[in-house]
Structure formats: C-alpha cells, structure tokens
A.B. asks: 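First the structure, then my questions, so here it is.
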Amino acid sequence: NTQGGFIFTRFLPAFDAVASFVELLSLLARSGARLSETGDELSTPHIARIEVPTPFEQKGLVMRMLLERAPSGEALLVDGVKFVESDGWTLVLPDPEDPATLVKAEAATPAAAEERANEMAEVIAAILDDSAG
C-alpha cells in the first residue's frame with residue numbers, strides 16, 4: 001500500500017492497525033526473529049521540509065505543471081503530488097492557509113533528503129518565474 005497502511009481482506013476489508021500488528025507477530029513467530037532485533041535492522045528515514053513562497057493564485061499552476069513534467073505514471077495524487085523513487089520520495093503540497101507550497105522529501109541520509117527537497121523547490125521556483133515573465 002502506498003499510504004503506509006495494510007488491509008487484510010480475509011479479516012476486514014479496511015485498514016486495521018490491530019490486524020496489522022497481529023500479522024507482524026505471526027510473521028515474526030514463523031521466522032523465529034525477535035521484534036527488538038528486527039527493529040534494530042531498520043534504517044532511520046530522514047525527512048527534509050521546505051516552504052516555497054507561492055502566491056495563492058499560482059498554487060494550481062504549480063501543481064498542474066509538476067504533473068505535466070512528471071514522467072507518465074510516476075506521480076501519486078494522494079495528499080498532493082508525490083514522486084516515489086527507489087531510495088525515497090518527494091511530496092509537494094499547497095499550503096491551505098498560507099501563500100506557500102510545502103515540499104517534503106525522504107532519503108537515506110539527511111543531506112540526500114535536503115538535496116531532494118531543494119531540487120523540487122528549485123523546480124517550483126522556475127515554474128513561478130516562468131509564469132511571471
């Protein structure tokens with residue numbers, strides 16, 4: 001699931017945290033692994049967040065242009081426009097209250113997350129510059 005939840009249809013055709021936890025315990029029991037050991041093996045996600053000043057009347061243009069520039073089928077439209085790559089993701093959200101566009105990016109290191117977020121902020125700034133001139 002791309003939203004971070006799991007559905008076990010043989011139990012309930014909807015997201016269910018308890019069913020997910022029970023399934024996790026079942027998988028651990030079959031593998032003989034301990035939950036504490038498994039958690040130590042997981043990498044820590046690093047997320048960077050940037051706000052790009054965006055006039056209210058330009059927010060729709062920014063989102064539309066990002067979609068047009070995305071390779072076919074590579075953008076998810078769950079909470080905004082999300083670009084998923086093998087080593088992380090970038091999410092672009094128009095701020096509902098302020099004249100800004102939020103950019104969140106995840107990567108394996110803090111520097112890579114910052115770089116990914118900055119690259120998208122530059123794309124948004126270029127869209128805004130092109131529309132102004």
Side-chain angles (χ1 to χ4, degrees):
N1 173 335
T2 60
Q3 298 176 4
F6 295 95
I7 298 174
F8 300 97
T9 55
R10 66 184 183 276
F11 174 70
L12 179 70
F15 294 112
D16 188 284
V18 175
S20 297
F21 183 65
V22 169
E23 186 69 22
L24 171 66
L25 292 177
S26 174
L27 291 170
L28 288 171
R30 279 186 253 153
S31 70
R34 297 177 61 103
L35 182 57
S36 60
E37 295 166 354
T38 304
D40 292 341
E41 295 174 6
L42 298 175
S43 62
T44 302
H46 299 281
I47 299 176
R49 183 179 189 275
I50 296 176
E51 285 190 21
V52 181
T54 309
F56 282 107
E57 61 274 5
Q58 298 296 91
K59 290 181 183 184
L61 171 71
V62 167
M63 302 305 279
R64 187 172 57 253
M65 294 299 291
L66 287 175
L67 278 174
E68 287 178 6
R69 293 179 182 193
S72 179
E74 289 196 16
L76 300 174
L77 305 175
V78 177
D79 292 323
V81 178
K82 187 174 190 177
F83 303 95
V84 179
E85 299 175 39
S86 63
D87 61 340
W89 49 261
T90 306
L91 175 64
V92 180
L93 296 159
D95 190 299
E97 298 175 3
D98 296 320
T101 300
L102 306 176
V103 178
K104 295 182 181 181
E106 179 188 77
T109 66
E114 285 287 336
E115 181 180 346
R116 182 172 277 157
N118 284 326
E119 286 174 2
M120 185 57 70
E122 289 173 10
V123 169
I124 294 168
I127 292 170
L128 292 170
D129 286 346
D130 289 348
S131 71

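Here the structure is a predicted model, which is why all the values come from computation and not from measurement. In this chain, residues are counted from 1 in sequence order.
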A.B. asks: Determine yes or no for a side-chain-to-main-chain donor-acceptor pair under 3.5 angstrom, with Lys59 supplying the side chain and Asp95 the backbone.
C.D. replies: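 The answer is yes, because a donor-acceptor pair under 3.5 Å joins these two groups.
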A.B. asks: For residues Phe56 and Met65: do they belong to one hydrophobic cluster (side chain heavy atoms under 4.5 Å, members Ile, Leu, Val, Met, Phe, Trp, Tyr)?
C.D. replies: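 No; tracing contacts between hydrophobic side chains, which count when under 4.5 Å, never links both residues.
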A.B. asks: How many angstroms lie between atom CD1 of Ile124 and atom CG of Leu66, to the nearest 0.5 angstrom?
C.D. replies: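 Here the interatomic distance stands at 5.5 Å.
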A.B. asks: I'd like to check the side-chain contact (heavy atoms from CB on, under 4.5 Å) partners of Glu122; sequence neighbours left out, ordered by chain and number.
C.D. replies: none
A.B. asks: Is the shortest heavy-atom distance from the side chain of Val52 to the side chain of Val92 under 4.5 Å?
C.D. replies: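 No, every pair of side-chain atoms sits at 4.5 Å or beyond.
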A.B. asks: Sequence neighbours left out, what passes salt bridge (Lys or Arg N to Asp or Glu O under 4.0 Å) with Arg49? Give chain and number order.
C.D. replies: Glu51
A.B. asks: If I take atom OG1 from residue Thr90 and atom CG from residue Asn118, how far apart are they, to the nearest 0.5 angstrom?
C.D. replies: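 Here the interatomic distance stands at 11.0 Å.
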A.B. asks: Heavy-atom count around Arg34 CZ within 6.0 Å, excluding the residue itself: above 12?
C.D. replies: no
A.B. asks: Out of curiosity, does Leu77 fall in the hydrophobic cluster containing Phe83 (side-chain heavy atoms, cut-off under 4.5 Å, transitive links)?
C.D. replies: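 Yes, Phe83 connects to Leu77 through the hydrophobic network.
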A.B. asks: May I ask whether Met63 and Leu67 are part of the same hydrophobic cluster, defined by side-chain heavy atoms of I, L, V, M, F, W, Y residues being less than 4.5 angstrom apart, directly or through others?
C.D. replies: yes
A.B. asks: Measuring only between side-chain heavy atoms, which start at C-beta, is Met120 closer than 4.5 Å to Val81?
C.D. replies: no
A.B. asks: Between Leu128 and Pro55, which heavy-atom pair has the shortest distance, and what is it?
C.D. replies: CD2-CD, 4.3 Å
A.B. asks: Can you measure from CG (Leu61) to CD (Glu68) and round to the nearest 0.5 angstrom?
C.D. replies: 8.5 Å
A.B. asks: Please table the atom pairs, donor to acceptor, closer than 3.5 Å between any side-chain atom in residues 103-115 and protein atoms at least two apart or in another chain.
C.D. replies:
unit_1, atom_1, unit_2, atom_2, d
Glu106, OE1, Trp89, NE1, 3.1
Thr109, OG1, Ala112, N, 3.0

A.B. asks: Using a cut-off of 6.0 Å, state whether more than 12 heavy atoms not belonging to Phe21 lie near its atom CZ.
C.D. replies: no
